[in-house]
Amino acid sequence: MEMQEANQGGGSEVSPNQTIYINNLNEKVKIDELKKSLNAVFSQFGKILEILAFKTLKHKGQAWVVFDNADSASTAIAKMNDFPFYDKNMRIQYAKTKSDVVAKADGTFVPREKRKRHEEKGGKKKKDHHHDSTQMGMATNSAYPGVYGAAPPLSQVPYPGGVKPNLPEAPAPPNNILFVQNLPHETTPMVLQMLFYQYQGFKEVRMVEAKPGIAFVEFADEMQSTVAMQGLQGFKIQQNQMLITYAKK
DNA sequence: AGCACA
């Protein structure tokens, strides 16, 4: 029999936090793609303030996703812990400490430069932070101009760039295979899989390299594909809203 | 395995 175990008496005792800590991520995935995929996958649980991931030796395979509230983080953990992502199962917990973005909003943010060095004796405060690690060469972290908030306004934004998808005159008849359009060109099958997997009857995602921006998603039957279509219609990935129709037979 | 804020 299947019983859902409340995760309370177990080993990992980290108190709820609006930031989740993910590890066991596939280290071969480039940081930029990783962050985008995480955003695409986790924004379904609520507004994301920031996603942090680093490629340094000590922090490979890990990421922090900062939600704007702890409930979103809890849901994300409940739904996504142990979920396969780039062929490895994500391990998700609450982060141990509060994220800087959150602390800054709190007013509780305290710069942590003091931890690095010994405290100077005498009454002198040092407030000059020499930019130190700036020449590591890897500068691709904060590349997103605050666009992580992707989930809620499903029907506000039309098709960015004015690109109109091909809508057939008459809607295609129900099909267990869905046709997805208006995806960001960098969308990976993995991202779509993550989104559609949560619906019963999910079978597979197919994308065509030569035709970016579209995908086919197969379900076991058309009842199930219909539920998924309704659930994800207009879902925003990055800037784009997915347009889902039945595939032509 | 590894809990940061480039």
Side-chain angles (χ1 to χ4, degrees), chain A residues 7-43 45-119 125-150 190 238:
Chain A
N7 190 21
Q8 292 192 356
S12 52
E13 311 274 324
V14 187
S15 45
N17 189 313
Q18 69 195 78
T19 302
I20 56 173
Y21 168 76
I22 310 171
N23 68 356
N24 199 44
L25 290 165
N26 190 325
E27 299 180 11
K28 284 171 294 191
V29 182
K30 294 169 301 294
I31 293 295
D32 198 57
E33 177 184 338
L34 178 69
K35 290 166 90 176
K36 283 182 173 151
S37 295
L38 289 170
N39 177 53
V41 158
F42 281 99
S43 56
F45 303 111
K47 168 134 174 142
I48 292 174
L49 302 181
E50 193 177 22
I51 296 180
L52 295 162
F54 313 91
K55 56 178 164 189
T56 53
L57 339 78
K58 184 158 180 248
H59 302 292
K60 289 165 77 162
Q62 299 154 78
W64 289 259
V65 177
V66 187
F67 289 98
D68 79 340
N69 70 86
D71 282 349
S72 295
S74 301
T75 311
I77 293 175
K79 289 252 177 103
M80 291 307 203
N81 185 34
D82 211 32
F83 203 90
F85 187 66
Y86 294 104
D87 298 320
K88 299 193 67 176
N89 289 30
M90 291 190 285
R91 298 285 141 69
I92 316 178
Q93 308 157 57
Y94 295 110
K96 282 180 180 164
T97 60
K98 185 186 288 185
S99 296
D100 282 1
V101 263
V102 176
K104 280 169 182 162
D106 265 348
T108 62
F109 177 71
V110 41
R112 70 179 66 71
E113 47 193 326
K114 46 164 185 169
R115 289 203 183 268
K116 272 278 189 182
R117 302 199 159 274
H118 262 177
E119 212 159 320
K125 271 202 220 162
K126 47 187 322 189
K127 61 172 194 174
D128 59 325
H129 43 34
H130 38 86
H131 35 52
D132 34 348
S133 56
T134 328
Q135 57 188 50
M136 294 287 285
M138 39 194 74
T140 39
N141 277 319
S142 48
Y144 305 108
V147 264
Y148 280 135
M190 179 61 61
Q238 260 90 265

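In what follows, every chain begins at residue 1, and chains take the letters A, B, ... in the order their sequences are listed.
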Atom-to-atom span, CZ of A/Phe109 to P of B/dA4 - whole angstrom: 14 Å
note: A/Gln62, atom CD; B/dA6, atom P; distance rounded to Å ~ 16 Å
Could you tell me whether A/Asp82 atom CG has more than 12 heavy atoms of other residues or ligands within 6.0 Å of it? yes
Just to be sure I understand the rule, does A/Lys104 reach a base, reach only the sugar-phosphate, or reach nothing, if contact means heavy atoms closer than 4.0 Å? nothing
Please determine which of A/Glu27, A/Lys28, A/Glu33 meets the side chain to side chain donor-acceptor pair (under 3.5 Å) test together with A/Tyr86. A/Glu33
With a 4.0 Å cutoff (strictly under), does any side-chain N or O of A/Lys60 reach OP1 or OP2 of B/dG2? no
According to a cutoff of under 5.5 Å between the ring centres and under 30° between the ring planes, does A/Trp64 stack with the base of B/dA4? yes
Name all residues meeting the side-chain contact (heavy atoms from CB on, under 4.5 Å) criterion together with A/Ala103; count only those two or more places apart in sequence or in a different chain, and write none if there are none. A/Lys98, A/Thr108, A/Phe109
Does A/Glu50 get its side chain close enough to the base of B/dA4, under 3.5 Å, for a donor-acceptor pair? no
Identify which nucleotide among B/dC5, B/dC3, B/dA6 has an atom closest to any side-chain atom of A/Thr56, counting heavy atoms from C-beta outward. B/dA6
Options B/dA4, B/dA6, B/dC3, nucleotide nearest the side-chain atoms of A/His59: B/dA4
With distance as the sole criterion, do the side chain of A/Thr19 and the base of B/dA4 form a donor-acceptor contact below 3.5 Å? no
Base, sugar-phosphate, or nothing for A/Tyr94, non-hydrogen atoms under 4.0 angstrom? base
Starting at CZ of A/Arg112 and ending at C1' of B/dA4, how long is that distance when rounded to a whole Å? 7 Å
Ring pair (Phe, Tyr, Trp, His ring centres under 6.0 Å) with A/Phe85: which residues, sequence neighbours excluded? none
For the side chain of A/Lys58, counting heavy atoms from C-beta on, which of B/dC5, B/dA4, B/dG2 is nearest? B/dA4
